[in-house]
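Structure record follows, encoded as structure tokens.
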There are 2 protein chains.
Amino acid sequence: MSREAQFLTAIHSNGLRMTRQRQLILEVLEASQEHLDAEAIHDRVKARDPRIGLATVYRTLALLKAMGLVKEHSLGEEHGHFEMVQKVPHYHFTCIGCRQVIEFEASAVMEAVQSLIDREGVQVMDVHLSLTGYCSNCREERATNHEVKVEV
Amino acid sequence: MSREAQFLTAIHSNGLRMTRQRQLILEVLEASQEHLDAEAIHDRVKARDPRIGLATVYRTLALLKAMGLVKEHSLGEEHGHFEMVQKVPHYHFTCIGCRQVIEFEASAVMEAVQSLIDREGVQVMDVHLSLTGYCSNCREERATNHEVKVEV
DNA sequence: GCACCTATTGATAATAATTCTCATTATCAA
DNA sequence: TTGATAATGAGAATTATTATCAATAGGTGC
Ligand SMILES: [Mn+2]
Ligand SMILES: [Mn+2]
Ligand SMILES: [Zn+2]
Ligand SMILES: [Zn+2]
């Protein structure tokens, strides 16, 4: 079942309605390989329908998250970034210098999570691993102008 | 070297000054085994000096973070929680139902991080793993009143 | 297709967390 | 003790997100 069909099914089985806005927001998310924030999604959706409001973007993102179709990430900024859920889980490294995001897989993470589940009997709804630091480029740049000071 | 001495050294070597406020905030953090937010820290510090402002708490937390003495966590709420850095890294599971936090260790995580470092040549400054879900108690409660609907 | 019920929307106000501004105070090196 | 300036407190400002509410529009049944 396509994600679009999945969305439609989930919507109808909950007494909700499919709207042009929800359709467009899903399409924007599916078309992107990036980690968009609410503003960026709003911009792209407005290109196709200038009347769509930012609040609707937030509402739809919340809905898609609740349905398990979209994940929200903390990428070192003070606001969220969104992407469609992938078949195999992956995690993120964000460069503080150039803001690039490197995605990586690590089966060991879910294994560690499983052992917590076994030990504590918890039900895990969401797993979030994110790294910040400097990519190899920005790392070199910093090495030359070697900083010692604490920056606040 | 005690963390207090570490703090003092870092402060002086950066041309900064040790103040009563910074002292008190560090003491509050050291005395607590919990994951306090800025408000909670402010409350505790005010008990010892009612004149301390919330902005100073935020400023000092930023300083302690930059010095690597304190870590900020996302525990499923919209604001940060803070704790002193421990010798061995640990991670957090937060129950959506009762808000309890379960800490756990998982050496596999840092191993996965190391393999990313080896592969990409990045410099990792911060690692953040946090889980959300339902603890064994809240899990049972939910099982009885079995929900199917998506809640947004 | 038409009507009706009510979910959804857009606009904007409200909220929450955090940061900024700036006049005043306090640290600390000389 | 003094002077240079880092730090503070109070409150304004900013940013991200959520709530409010009147107007609109899905979708079900006729
Ligand atoms: Mn991703
Ligand atoms: Mn902890
Ligand atoms: Zn970079
Ligand atoms: Zn619980």
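Below, read A as the first sequence line, B as the second, and so on, with proteins coming before strands; counting in each chain starts at 1. All figures in this text were calculated on a predicted structure; none of them were measured in a lab.
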> Side chains of Thr56(A) and Arg59(A): is there a donor and an acceptor less than 3.5 Å apart?
Replying inline: yes

>> Ignoring hydrogens and geometry beyond distance, is a side-chain donor-acceptor pair present between Asp118(A) and Gln114(A) at under 3.5 Å?
In response: yes

> Using the ring of each side chain (for Trp, its six-membered ring), is His35(A) parallel, tilted or perpendicular to His92(A), with breaks at 30° and 60°?
Replying inline: perpendicular

>> Please determine whether side-chain contact (heavy atoms from CB on, under 4.5 Å) holds for the pair Val101(B) and His73(B), giving the CA-CA distance in whole Å, both sets of side-chain angles, and the decisive distance to 0.1 Å.
In response: CA-CA 11 Å; Val101(B) 175; His73(B) 304 293; over 6 Å; no

> Looking at Glu30(A), Glu34(A), Glu39(A), which hits salt bridge (Lys or Arg N to Asp or Glu O under 4.0 Å) with Arg44(A)?
Replying inline: Glu34(A)

Quick one: [X] [atom1] to [N] [atom2], roughly how many Å, whole number?
| X | N | atom1 | atom2 | answer |
| --- | --- | --- | --- | --- |
| Met18(A) | dT24(D) | CE | C1' | 18 Å |
| Arg20(A) | dA25(D) | CZ | P | 8 Å |
| Ile11(A) | dT28(D) | CD1 | P | 12 Å |
| Asn14(A) | dG27(D) | CG | P | 14 Å |
| Leu63(B) | dA7(D) | CG | P | 8 Å |
| Gln23(A) | dA25(D) | CD | C1' | 16 Å |

> Is any side-chain nitrogen or oxygen of Thr19(A) closer than 4.0 Å to OP1 or OP2 of dA25(D)?
Replying inline: no

> So does Gln33(A) have more than 12 non-hydrogen atoms from other groups sitting under 6.0 Å from CD?
Replying inline: no

> Counting only heavy atoms not in Arg119(A), do more than 12 sit closer than 6.0 Å to its CZ atom?
Replying inline: yes

Name the pairs: protein N/O against N/O of nucleotides 14-18 of chain D, kept only if under 3.5 Å.
{"residue": "dA16(D)", "atom": "OP1", "partner": "Glu78(A)", "partner atom": "OE2", "Å": "3.4"}
{"residue": "dA16(D)", "atom": "OP1", "partner": "His79(A)", "partner atom": "ND1", "Å": "3.0"}
{"residue": "dT17(D)", "atom": "OP1", "partner": "Gly80(A)", "partner atom": "N", "Å": "3.1"}
{"residue": "dT17(D)", "atom": "OP2", "partner": "Tyr58(A)", "partner atom": "OH", "Å": "2.5"}

>> Taking the cut-offs as 6.0 angstrom to the six-membered ring centre and 45 degrees off its axis, would you call Arg22(B) and Phe7(B) a cation-pi pair?
In response: no

> Any N or O donor-acceptor pair linking the side chain of Arg22(A) to the base of dG26(D) at under 3.5 Å?
Replying inline: no

>> Just so I know, are the side chains of Thr94(A) and Glu77(A) near enough to count as touching, which here means a heavy-atom distance under 4.5 Å?
In response: no

>> Do Leu129(B) and Phe104(B) make a side-chain contact, defined as non-hydrogen atoms from C-beta onward lying under 4.5 Å apart?
In response: yes

> To the nearest 10 degrees, how far apart in direction are the end axes of the helix from dG1(C)-dC30(D) to dA30(C)-dT1(D), each fit to five base pairs?
Replying inline: 40°

>> Over all strands shown, is Arg51(B) touching base, sugar-phosphate only, or nothing at heavy-atom distances under 4.0 angstrom?
In response: sugar-phosphate

> Taking any atom under 4.0 angstrom from a heavy atom of chain B, which nucleotides of DNA chain C are the first and last to qualify, 5' to 3'?
Replying inline: dA17(C) to dC28(C)

> Pick the nucleotide of DNA chain C nearest each of His12(B) and Thr56(A); which residue has the one closer to the 5' end?
Replying inline: Thr56(A)

> Do any N or O atoms from the side chain of Ser13(B) and from the backbone of Ala10(B) form a donor-acceptor pair under 3.5 angstrom?
Replying inline: yes

